[in-house]
Amino acid sequence: MANGVWHTEYGIEINLSKPDLGVDGYPGLLQEIMTSVSDRNPQLLECLAHHQGKECASEAGGKSPWMFLRRARVGGRSPLVAAHLPITHKATSAESAQHKATKERIVETASRCGLDAETEVSTGNRRTISDALVAGPGGIRIGWEIQYHHISPSSVHRRSVNAVHHEITPLWVAKDRTASLIDRAPWARVDDMPWKDITDGKEMVIRGGYRYLRVWKCVPSSDRHCPLSEGVGHCSGIHADWFLPALCQPERKPVYIEDLVLSSATGESVPVYLPNRGNGRAGRHMWVPTDDCELWRELVEEKEPLPIAPEQEEDDRITFAEQEIDRTCRAGGSSAIPGPSGIWDSPPVVSPCRGCRCSGP
């Protein structure tokens, strides 16, 4: 682990322990270097020792001199540290082809529907680039983000907030039911299929992320159990909840990616965030029909639209200890990092790479 890196594009040394990163005149630099490696140049950040022509132990240990960032946990602090990428960290050609095919299918669908659409569109501050931007007749702009491999939740949050700030509604697409982006922002999950099937127009069903509102009276003749009595008995009240199309009674027809391209841009479908009971920081993101959203607001007496997202993820917090940079490559050796006084602490506990707090592989 290291507390400093070299930015290969700007030609600057970055001190990860300082709030300003030890440099002036680079607004948005922290967000840029925290971007998932899958969404940036993997050679953007370099080991300082390697850059200076000194011994870089990473290359002897099966890793590269290129780096990514993590949040560590050291004695109640959350410093930002840099670690070496594995040499094999690269999206496969199949993954890249899937990504490209999905992006092109979204744009082609939008164009057929008479909507304006283009690929690789950046926001005004260039902190976010939408894979596909689809604009509807009412001024709605949907920024499609095709994410078929890992991205950290904090990256999803930052990029989504930045998109909303520029009046773009983010719509993340995943193919894995365990993807970390699920319920972190408006999303949709499709099947994992070969790129050629995507290009050839094979049906792409939205398997998750789109729901319908169902309202029912809780009586013995109802097809549904009472949600207040843990499935035992009936309360004679009126219940309402959100269901996937296949779980609606009667079952609704599947929603395809073409349906969502059109309905999201025209406002016939809207994204909502539904907090879980008793915990406003946890909940579900979903796309829903606009009529269902309006009915839900009437049923629960919501006077304002449902929130788009929680304000901040807990893993967005970083501790800055304001240390001097250590330019020694420690790959494969000690993983300790300097404490607040500059004295080396014990090895940090690093957040695991299971789709949570990592901007690396």
Side-chain angles (χ1 to χ4, degrees), residues 9 28 31-32 35-42 44 91 93-149 151 155-175 179 181 184-190 193-206 209-210 255-271 285 287 290 308-309:
E9 293 183 4
Q31 289 81 2
E32 176 186 333
T35 299
S36 172
V37 177
S38 61
D39 298 313
R40 65 163 171 83
N41 176 6
L44 181 70
S93 57
E95 288 174 330
S96 299
Q98 275 184 321
H99 183 281
K100 183 174 183 290
T102 304
K103 176 173 60 177
E104 291 176 348
R105 181 159 170 174
I106 290 168
V107 171
E108 290 170 2
T109 297
S111 298
R112 286 199 310 270
C113 295
L115 303 171
D116 292 330
E118 52 185 322
T119 61
E120 305 299 326
V121 179
S122 65
T123 57
N125 59 8
R126 303 189 63 83
R127 293 183 186 175
T128 300
I129 298 178
S130 298
D131 289 317
L133 184 66
V134 179
I140 298 174
R141 296 196 298 166
I142 306 297
W144 289 76
E145 301 280 357
I146 317 304
Q147 199 67 44
Y148 285 161
H149 40 274
I151 185 172
S155 292
V156 173
H157 182 262
R158 281 193 302 274
R159 289 169 56 178
S160 297
V161 168
N162 188 58
V164 172
H165 179 71
H166 287 84
E167 300 182 339
I168 297 172
T169 299
L171 200 170
W172 294 81
V173 180
K175 64 180 181 180
L181 65 86
R184 302 281 179 173
W187 63 285
R189 182 174 63 83
V190 296
M193 62 175 66
W195 68 269
K196 194 171 188 309
D197 287 349
I198 299 173
T199 300
D200 290 346
K202 182 178 180 179
E203 291 182 345
M204 293 184 72
V205 180
I206 303 298
Y210 197 101
V255 177
Y256 299 96
I257 197 167
E258 288 79 6
D259 300 327
L260 191 52
V261 169
L262 178 60
S263 66
S264 62
T266 59
E268 295 177 14
S269 295
V270 293
H285 281 274
W287 285 89
T290 300
I308 293 177

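Every heavy atom of this structure was used, including side-chain atoms; hydrogens, water molecules and symmetry mates were not.
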Worksheet item: Does any N or O in the side chain of Arg141 come within less than 3.5 Å of the main-chain N or O of His166, such that one atom is a donor and the other an acceptor?
Response: yes
Practice prompt. Quick one: pull up OG in Ser130 and CD in Glu118 and give me the separation to the nearest 0.5 Å.
Written response: 9.5 Å
Practice prompt. Using a 4.5 Å cut-off on heavy atoms from C-beta on, say whether the side chain of Leu133 contacts that of Ile142.
Written response: no
Discussion item. So Gln147 and Val156, do their side chains get closer than 4.5 Å, heavy atoms only?
Written reply: no
Practice prompt. Report yes or no: do Trp144 and Thr102 form a side-chain donor-acceptor pair below 3.5 Å?
Written response: no
Discussion item. With side-chain contact (heavy atoms from CB on, under 4.5 Å) as the criterion, how do Glu120 and Asp131 come out once you've worked through the C-alpha distance, each side chain's angles and the decisive distance to 0.1 Å?
Written reply: CA-CA 5 Å; Glu120 305 299 326; Asp131 289 317; 3.7 Å; yes
Worksheet item: Which value, rounded to the nearest 0.5 Å, describes the distance between His285 atom NE2 and Trp187 atom CH2?
Response: 11.0 Å
Worksheet item: Under the side-chain contact (heavy atoms from CB on, under 4.5 Å) criterion, do Trp287 and Leu171 qualify, and how do the steps go?
Response: CA-CA 9 Å; Trp287 285 89; Leu171 200 170; 3.6 Å; yes
Item to complete: Begin with the C-alpha distance, continue with both residues' side-chain angles, and end with the deciding distance and a verdict on side-chain contact (heavy atoms from CB on, under 4.5 Å) for Leu262 and Leu115.
Response: CA-CA 8 Å; Leu262 178 60; Leu115 303 171; 4.1 Å; yes
Worksheet item: If you measure from CD on Glu258 to CZ on Arg112, what distance do you get to the nearest 0.5 Å?
Response: 6.5 Å
Worksheet item: side-chain hydrogen bond (donor to acceptor under 3.5 Å, both in side chains): which pairs involve residues 262-271, sequence neighbours left out?
Response: Tyr210-Ser269, Ser263-Ser269
Worksheet entry | Ile146 side, atom CD1; Lys103 side, atom NZ - distance, nearest 0.5 Å | 8.5 Å
Fill in: Closest non-hydrogen atom pair, Ala265 against Pro137
O-CD, 4.2 Å
Tabulate below the donor-acceptor pairs under 3.5 Å that side-chain atoms of residues 197-205 make, not counting sequence neighbours, or state none.
unit_1, atom_1, unit_2, atom_2, d
Thr199, OG1, Trp195, O, 3.1
Asp200, OD2, Lys196, NZ, 2.9

Item to complete: Measure the CG-CD distance between Asn162 and Gln31 for me, rounded to the nearest 0.5 Å.
Response: 8.5 Å
Practice prompt. Look up atom OG1 in Thr109 and atom OH in Tyr256, then write down how far apart they are to the nearest 0.5 Å.
Written response: 13.5 Å
Discussion item. Closer than 3.5 angstrom, by distance alone: can the side chain of Thr290 be matched with the main-chain N or O of Gly267 as a donor-acceptor pair?
Written reply: yes
